[in-house]
Amino acid sequence: DGDAANSAAGRAAGGGNEEDDFLDSGEKAREVQLVAQFKAFASEVAHVDVAAVEAAAEAKAQQSLEAKVRRGELSAAEEARLVERFRAERAAAPAEEENPELAGRIDAWVQNWRAEGRAGKQVRCRESRAKACHWLEKLGPVDVGCRVSIASLSMGVARAKTPPTLEGTTGDGVDFTFKAPIRGSKEPFDGIRGGLPLPSLCAYGAKTSKRTPRGVIGLVAASSVEYVFRQWGAVANKATLFAAAGLDWSLWIGELDKRLATTASAECLTRQANAALAAAPGQFDSVYVGNASRHLNSNHLVKVIAAYALVQRPGVTGVAYVDVDAMTDRQQLMRALATPKPYSGFDQPESARGLRFWSHTAPGDQFWQTSSSRFFARADDDVASKLLGLWLANRCGFGDRLALWTSLLRYAESHKCLRGPYDGRLTNLTYGQAATYGRDPATTLWSGPAALDPLLGECDEISDKCWKLRICDAEAKLFEGLVTHATVSSATDARRFPFVDEEGRARYLSTPDAIPALLREKHFGQLARAYAQTPNAESWYVRHDRRRPASLEPRRDAADFGATGRRAAPFFLRGGPLAGTSASTSSAKSSRTRRHSTARGCLRAPSRTATRRRGRRARRLPLRPSLASWVPARAR
């Protein structure tokens, strides 16, 4: 689960422990013996607490390692050792002991989610009052007992001999395999031809694996098998991230039930009748929205259903959701590998302890102005399940944030946490007005004193008033430093990866190119603009000239550098899904490719200048110093 990409990253990093290269087995055994004798002397003669000294040294080394990872200062050899340590720890993990009692409870959970209608509401409702679960009557059966994994990634420089392949088994024990290309129906609720029989919440792992997901579980959602292949690189990226962080994870595959997609409250229907309020902001009918422009409610809500089901799974302590298009780059992957295990999803475990529900808010935002791209829900918890249920019950039109904001406000009001009674004002605001409420005077429509405005109040204020709720925390950050979320617009060119399908025909897998959006998010504006203007953008990694290797590099942009003129460039994932050159089942490269292509996906820096050709004209751009330092020496 992610070992392939990690192995590629290790090969790209190269190197190893230089000292081990000069020690034969006899010398190593002698060294071990001497260390053991020294520890015995220190403990018995000098009365040194050896265990405490070793623990302190390990803690200091771990802190030093994490600091170097955050600064992007790991050498190639250090990266390789980090990957090898990760793989050794996984290989040495003890086999899971059978737990018949837990297995029985999981089987009952699987059967409960196969029910539907009123019976389904009764067995699937987590809240103490079934009245809050009316939306469950409109949700058909869901297969929560399936398992899925990437069998063949097939994203490489050379044409892969096998197509990208997803395989797994349903909760009934029926094996399935999907191979690119897959084409779906234009009508989103018709499903995918040859697709899964039911909306499915699948634990990630080989179909023969008997591992039971436990602890905090990662969650990613896709509306169809076709969408999984459309975001194939991003899905593989999540598999790598969760493996490196030591988290089990699940993948939801399935559309929003038509009964949920086409129904809403009377309050929402009144809002939707107003074209100005119902309009989606900007150009959001993109690769992520899907059916939002043709039906009442967006299929983004499938992630809420997935989380509601997963928090009920026995053995799970929490669910950490992240959007499929959020990406981890190479430096972030190294940080995930260096993160102490077990990992809860939060870098601030003390502040995050006891959280019942959390979704990301930016500094200065009101507590309810959250982003649904990352959220956490505690398992088997009344507050978390109640909020997830309200999120579905308040579904209304484009996206899912308006429903989440309404749910947070109504729930906080029910516990008297707001400055005043909530008056349903979000219904009369556009999406943009709601998102900027409190910061933009033009959208802050409140005639009374600010001290009584129910829509005003940051997380610290709500936490002080209602500390038992634990539905927000300004200090806690889910997957902080491990992913970058940047929306890829529909106008962005797709990345194309060659493969051969089962019938022997040459095909290409097209996926949205997330790199320009990630560069902009990380404030490398000049680099993003140069990249976006380049035809066949993947040429930065794999295109080469017979006469002279060429890689495009941007001008040095002062806005991209600090006062010292130095800034790390951590966003290129050599050998990983982001770069599009991760481990592949493809055949060996041609001699020309081996001679001139990047070193296992590394960004090449063949000289202090780089060339971009447009017809007969060539434009020379200076190589950025920080990028040159990020390239392994053997790749230069």
Side-chain angles (χ1 to χ4, degrees), residues 103 106-124 135-152 163-210 213 217 219-232 235 249-263 290-291 295 297-310 312-313 324 392 502:
I106 292 176
D107 289 341
W109 170 70
V110 171
Q111 292 304 314
N112 287 344
W113 278 87
R114 288 298 186 98
E116 59 179 322
R118 291 188 176 181
K121 183 184 77 170
Q122 293 295 328
V123 297
R124 295 185 291 190
W135 64 271
L136 279 169
E137 293 186 18
K138 296 181 172 64
L139 177 65
V142 178
D143 182 4
V144 297
C146 60
R147 188 174 289 271
V148 70
S149 65
I150 294 174
S152 176
T165 304
L166 185 76
E167 68 176 16
T169 181
T170 67
D172 295 327
V174 178
D175 292 342
F176 61 82
T177 301
F178 296 105
K179 297 183 179 182
I182 286 183
R183 296 291 180 267
S185 168
K186 292 182 179 180
E187 169 57 44
F189 297 108
D190 287 346
I192 298 300
R193 292 196 292 270
L196 295 170
L198 293 174
S200 302
L201 178 61
C202 303
Y204 188 84
K207 58 186 180 182
T208 57
S209 173
K210 296 183 179 180
I217 305 295
L219 175 62
V220 174
S223 58
S224 64
V225 176
E226 180 190 16
Y227 191 77
V228 170
F229 282 106
R230 187 187 298 184
Q231 296 286 355
W232 189 245
V235 172
W249 69 287
S250 291
L251 174 65
W252 167 280
I253 304 175
E255 259 293 355
L256 184 66
D257 193 296
K258 191 170 185 177
R259 291 168 292 182
L260 289 173
T262 56
T263 59
N291 67 348
H295 292 276
N297 300 315
S298 170
N299 57 10
H300 284 201
L301 291 166
V302 295
K303 64 189 178 187
V304 189
I305 299 174
Y308 189 89
L310 196 54
Q312 298 179 15
R313 178 174 182 132
V324 67
L392 263 300
E502 290 190 297

Which pair of heavy atoms, one from [X] and one from [Y], lies closest together, and at what distance?
X: Ile253; Y: Val225; value: CG2-N, 3.6 Å
X: Asn297; Y: Thr262; value: ND2-N, 4.4 Å
X: Arg124; Y: Pro141; value: NH1-CA, 4.3 Å
X: Ser250; Y: Leu201; value: CB-CD1, 4.0 Å
X: Ala221; Y: Val302; value: CB-CG2, 4.2 Å
X: Ser223; Y: Asn299; value: CB-ND2, 3.7 Å

Exercise for the section: Check the pair Leu310 / Ile217 against side chain to side chain contact (heavy atoms under 4.5 Å, CB included), numbers first and verdict last. Expected result: CA-CA 8 Å; Leu310 196 54; Ile217 305 295; 3.8 Å; yes

### Query
Between the side chain of Asp143 and the main-chain N/O of Leu198, is any donor-acceptor distance below 3.5 Å?
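No, Asp143 side chain to Leu198 backbone: no donor-acceptor pair under 3.5 Å.
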
Quiz item: Hey, is the main chain of Cys202 close enough, under 3.5 Å, to the side chain of Ser200 for a donor-acceptor pair?
Solution: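 Here the side-chain-to-backbone pair does not exist.
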
Just verifying a value: how many Å separate [X] [atom1] and [Y] [atom2], rounded to the nearest 0.5 Å?
X: Leu196; Y: Thr170; atom1: CG; atom2: OG1; value: 8.5 Å
X: Trp232; Y: Leu166; atom1: CH2; atom2: CG; value: 5.0 Å
X: Lys121; Y: Leu139; atom1: NZ; atom2: CG; value: 13.0 Å
X: Arg114; Y: Asp172; atom1: CZ; atom2: CG; value: 4.0 Å
X: Ser224; Y: Arg230; atom1: OG; atom2: CZ; value: 7.0 Å
X: Lys138; Y: Lys258; atom1: NZ; atom2: NZ; value: 15.0 Å

Between Tyr308 and Trp135, what is the ring plane arrangement, given parallel below 30°, perpendicular above 60°, and tilted in between?
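Judged by the thresholds at 30° and 60°, the geometry between Tyr308 and Trp135 is perpendicular.
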
In terms of the angle between their ring planes, are Phe178 and Phe176 parallel, tilted or perpendicular, with boundaries placed at 30° and 60°?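 Tilted: the ring planes of Phe178 and Phe176 meet at 30° to 60°.
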
Might you work through the side chain to side chain contact (heavy atoms under 4.5 Å, CB included) test for Leu256 and Ile305, ending with a clear yes or no?
-> CA-CA 9 Å; Leu256 184 66; Ile305 299 174; 3.7 Å; yes

Take atom CZ of Arg118 as the centre, draw a 6.0 Å sphere, and report whether it contains more than 12 heavy atoms from other residues, nucleotides or ligands.
->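 No, because the 6.0 Å sphere around CZ of Arg118 holds 12 heavy atoms or fewer from other groups.
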
message: Can you confirm whether Pro199 sits close enough to Glu255 that some side-chain heavy atom of one is under 4.5 Å from a side-chain heavy atom of the other?
response: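 A side-chain contact under 4.5 Å is absent here.
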
Candidate pair Trp252 and Val142, rule side chain to side chain contact (heavy atoms under 4.5 Å, CB included), full reasoning: CA-CA 10 Å; Trp252 167 280; Val142 178; 3.7 Å; yes

